[in-house]
Novice: 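Dropping a structure here in structure tokens format, bear with me for questions.
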Amino acid sequence: MPNVDFVVAGAGHNSLITACYLVKAGFSCCVIDARSIPGGGCATEEILGPGYGIDTCSTGHTLMLQNPIIRADELGLVEKYGLSYLHPDPVAHVALPDGEQITMSLDCEATMAELARYSEKDAQSYGRLIAEFDELRPLLGKARSGPIGMAPSMKSLLAEHPRGGIWARRMAMSARDIILREFESPHVRAFMGWLSFQTAVPIDQAGTGILPYQIAAPRQASSWSIPKGGSGRLTDALVGFLGDHGVTFYCNATVARLILDDGRCVGVETNDGRAFRAKQGVVSTIHVKHLADMAPHEAWGEDFIFGTDTYNVGVPFFASYLATSAPPVFETPRGPRTAVSAGYAGWLENLVQSGRDIYDKRLSEEVAWLLVATPTLVDPSRAPEGHHTVKFLTHTIYDLPGVGPAGWADRKEAFADKLIETIRRFCPDFTDDVILQRMTKSPVDIEALNPHMIHGAPHGGDRSATFAGDQRPVPGWASHRMPIPGLYQTGGTTHPGGSITGFPGRNAAMVVLRDLGLDISNIMAV
Ligand SMILES: Cc1cc2nc3c(=O)[nH]c(=O)nc-3n(C[C@H](O)[C@H](O)[C@H](O)COP(=O)(O)OP(=O)(O)OC[C@H]3O[C@@H](n4cnc5c(N)ncnc54)[C@H](O)[C@@H]3O)c2cc1C
């Protein structure tokens, strides 16, 4: 089997990004993944038949646009490998329990006018919130676009900022408390709650106070940006880059064990007994809870094992994918509305309760948060002419009371029906007649497809204060170096967490290259 400089265990977009920088620096790599294709949650697959490019996990890449990989096109993914982004307008359209509906437009004044229908004060608060985020944006950029220990900490950056105390408190608060403080109308509160719950962290958790700013402002600036052709086009570009640098991919290969030599990680073994040896090190995007079982516990140390034991995997996702002959069109008194990113939000208290229910392992009968993604509204290349791909996404629990996770097999289609019914209240023409194909994935199915998404939770773990920054994944081990020498961790379980941002991948590369004594400014625009 190959004997390369680095074995990359898991082929999510983050570890592919780490591999890109390593090969750019002249090291050889091979990439191993349990799935039949690379990309993890950054994939577009024809699961509903030829011509329908379905984003099986991620669709929106807004935060990725802030990464120098895209912003500065550091790897040539845009110029040489055909990656491009679309910025849909409207940014979002959200229906509310009493039938009211709110459209977020790329024009901030238009969004404010929409919110002013409910409260002039809230419209002004929204405008202020978007403007204020500009003062935090550069600080967040510095703290998140560099690894823990190498980049300045958010705490130190805030200490030097004239309004750092205000932001420190906001960031420690919950999204719920920020929304209640800043907005008075139940409609605007529900809309802001819907936005804030996008990262699947319950919005009453300490440390989510940044979300109303951090989700709304980048979308207000550049929309819920999506790659032209599908989420998987980012993976295609990364794989193209790696292929041109001689990287071999081993798919359908699940890593079962780390190979240790004199206490150092020198490779991995797959469940079919193949050994992949590395001369310099192993880069993993295996979930840290699984990783901990891939070497004797003594090799990790008590603190790491305690940290992974107590690590919260986060809120599970439930998804239903449709191929349709028409998009969901929302009827409003102001005329029909469509949006790539549409959905439904319960009142703020329903949204908060749904997060609490999930962490208390209670199955909510009511749908409180629903995302309905229809990328074909702006990207017809993803479906046969005139047709659409629609993805319904919500949060739920993994372990069904009384029947356990296995119970999802019998319940998931009825659950998906409920999601569709929720939207039909507002989109009366989105009938069964327009639905040509459908496939539903419960949290159990999502986990089965990607072992990094334990319990179907998509973002590598809860991102509230307990599991953020220098606590992620484990206090003392947040800088991508794992307790076993030669082993580096990237992906959603590392700072700054899941979603398609590329930051964990690029940050891990910075650490590995630094450990090799390389001047990383020669390799990336640090
Ligand atoms: C339905 C759904 C919708 C989503 N929508 C969005 C969205 O719109 N925007 C957004 O930003 N995010 C979204 N996400 C979340 C996003 O997909 C993840 O946060 C992101 O993919 C994490 O990237 P990653 O590189 O950290 O790892 P992953 O994409 O999870 O990749 C990890 C890879 O490691 C492999 N792996 C794990 N263990 C092993 C092992 N033992 N052996 C071999 N290989 C292994 C897996 O097979 C996988 O390919 C969504 C997720 C889901 C499920």
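When a ligand or atom number is given, it counts from 1 through the structure's own listing order.
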Novice: With no hydrogens and no angle check, do the side chains of S231 and H61 hold a donor and an acceptor under 3.5 Å apart?
Specialist: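 The criterion, which ignores hydrogens and geometry beyond distance, is satisfied for H61 and S231.
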Novice: Side chains of Q205 and Y359: do they bring a donor and an acceptor to under 3.5 Å?
Specialist: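 Looking only at side-chain atoms, Y359 and Q205 do not form any donor-acceptor pair under 3.5 Å.
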Novice: Are any of the N or O atoms of S15 closer than 3.5 Å to those of ligand 1?
Specialist: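 Between S15 and ligand 1, no N or O pair is found under 3.5 Å apart.
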Novice: Should you measure from each heavy atom of W224, which atoms of ligand 1 turn up under 4.0 Å away?
Specialist: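 Numbered from 1, ligand 1 contributes 8 (O).
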Novice: Run the numbers on T285 and N14 for side-chain hydrogen bond (donor to acceptor under 3.5 Å, both in side chains), then give the verdict.
Specialist: CA-CA 8 Å; T285 189; N14 278 305; 5.9 Å; no
Novice: Which option out of S231, G498, P316, G12 puts a heavy atom nearest to atom 31 (O) of ligand 1?
Specialist: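 It is G12 whose heavy atom sits nearest to atom 31 (O) of ligand 1.
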Novice: Take F318 and H395, measure what ring-ring contact (aromatic ring centres under 6.0 Å, His included) needs, and give me the verdict at the end.
Specialist: CA-CA 6 Å; F318 179 102; H395 314 122; over 10 Å; no
Novice: Look at atom 28 (P) of ligand 1 and say which protein heavy atom is nearest, naming residue and atom and giving the distance to 0.1 Å.
Specialist: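 The closest one turns out to be H452 ND1, 3.5 Å.
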Novice: Are S36 and N252 close enough that a side-chain donor and a side-chain acceptor fall under 3.5 Å?
Specialist: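 No.
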Novice: Suppose we measure from atom 11 (O) of ligand 1 to each protein heavy atom; which comes out shortest, and what is that distance?
Specialist: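 For atom 11 (O) of ligand 1, the nearest protein heavy atom is I500 N, 2.8 Å.
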Novice: Got the closest protein heavy atom to atom 9 (N) of ligand 1, with its distance?
Specialist: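 For atom 9 (N) of ligand 1, the nearest protein heavy atom comes out as G60 O, 2.9 Å.
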Novice: Heavy atom of M294 under 4.0 Å from ligand 1?
Specialist: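 Yes.
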Novice: If you have a sec, work out which protein heavy atom is nearest atom 44 (N) of ligand 1 and how many Å separate them, to one decimal?
Specialist: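 For atom 44 (N) of ligand 1, the nearest protein heavy atom comes out as A34 N, 3.0 Å.
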Novice: Determine whether a donor-acceptor pair (N or O, by modelled atom type, separation under 3.5 Å) exists between the side chain of D73 and the backbone of V78.
Specialist: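 Looks like yes, one N/O pair under 3.5 Å.
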Novice: Just need the protein heavy atom nearest to atom 51 (C) of ligand 1, so name the residue and atom and give the distance.
Specialist: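 Closest protein heavy atom to atom 51 (C) of ligand 1: P458 CB, 3.4 Å.
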Novice: Of the choices D33, V31, N450, which has the non-hydrogen atom that lies closest to atom 49 (O) of ligand 1?
Specialist: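 Checking each option, the heavy atom nearest atom 49 (O) of ligand 1 is found in D33.
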Novice: When you compare ligand 1 with L449, is there at least one nitrogen or oxygen pair between them that comes in under 3.5 angstrom?
Specialist: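 No - when backbone and side-chain N and O of L449 are compared with those of ligand 1, no distance drops under 3.5 Å.
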Novice: Answer side chain, backbone, both or neither: which part of M453 comes under 4.0 Å from ligand 1, heavy atoms only.
Specialist: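 For M453, only side-chain atoms sit under 4.0 Å from ligand 1.
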Novice: What's the shortest distance from atom 1 (C) of ligand 1 to any protein heavy atom, and which residue and atom give it?
Specialist: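 That would be L393 CD1, 3.5 Å.
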Novice: Applying a strict 4.0 Å limit to heavy atoms, is P38 in contact with ligand 1?
Specialist: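 Contact absent.
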Novice: With respect to atom 17 (O) of ligand 1, which of G41, G40, S284 exhibits the smallest heavy-atom separation?
Specialist: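 It is G41 whose heavy atom sits nearest to atom 17 (O) of ligand 1.
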Novice: With a 4.0 Å cut-off, would you call E74 and R506 a salt bridge?
Specialist: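 Yes, charged N to carboxylate O under 4.0 Å.
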Novice: Give a yes or no on this: more than 12 heavy atoms of other residues, nucleotides or ligands lie within 6.0 Å of atom NZ of K361.
Specialist: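 Result for NZ/K361: open.
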Novice: Which protein non-hydrogen atom lies closest to atom 37 (C) of ligand 1, naming both residue and atom, and how far is it?
Specialist: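 Atom 37 (C) of ligand 1 sits closest to the protein heavy atom P451 CG, 3.6 Å.
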Novice: Please report the C-alpha distance between R472 and R463 in whole Å, then the side-chain angles of each, then the deciding distance to 0.1 Å, and finally whether the side-chain contact (heavy atoms from CB on, under 4.5 Å) criterion is met.
Specialist: CA-CA 8 Å; R472 192 174 190 87; R463 275 189 272 189; 3.6 Å; yes
Novice: Considering only NZ, NE, NH1 and NH2 on the basic side and carboxylate oxygens on the acidic side, decide whether R274 and D272 come within less than 4.0 Å.
Specialist: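 A salt bridge is present here (some side-chain N lies under 4.0 Å from a carboxylate O).
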Novice: Can you tell me if E366 has over 12 outside heavy atoms packed within less than 6.0 Å of its CD?
Specialist: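 12 or below, so no.
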Novice: Hey, is ligand 1 close enough to H13 that some N/O pair sits below 3.5 Å?
Specialist: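 H13 vs ligand 1: N/O contact under 3.5 Å present.
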Novice: Does an N or O anywhere in N14 fall below 3.5 Å from an N or O of ligand 1?
Specialist: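 N14 vs ligand 1: N/O contact under 3.5 Å present.
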Novice: Say whether G492, considering both its backbone and side-chain N or O atoms, lies within less than 3.5 Å of an N or O atom on ligand 1.
Specialist: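 Yes.
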Novice: Among G314, A457, S58, S499, which one puts a heavy atom closest to atom 13 (C) of ligand 1?
Specialist: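 The option holding the nearest heavy atom is S58.
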Novice: Among all protein heavy atoms, pick out the one at the shortest distance from atom 42 (N) of ligand 1; state its residue, atom name and that distance to 0.1 Å.
Specialist: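 Looking at atom 42 (N) of ligand 1, the protein heavy atom closest to it is V255 N, 2.8 Å.
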Novice: Run the salt bridge (Lys or Arg N to Asp or Glu O under 4.0 Å) test on R264 and D261 for me, step by step, so that the C-alpha distance in whole Å, both residues' side-chain angles and the decisive distance to 0.1 Å come before the verdict.
Specialist: CA-CA 5 Å; R264 189 177 170 81; D261 186 358; over 6 Å; no
Novice: Check for me whether H290 has a heavy atom closer than 4.0 Å to any atom of ligand 1.
Specialist: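 Per 4.0 Å heavy-atom rule, H290 does not contact ligand 1.
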Novice: Is it the side chain, the backbone, both or neither of T56 that has a heavy atom closer than 4.0 Å to ligand 1?
Specialist: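 The answer is the backbone.
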Novice: May I ask whether T62 places a heavy atom under 4.0 Å from ligand 1?
Specialist: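 Contact check T62 vs ligand 1: negative.
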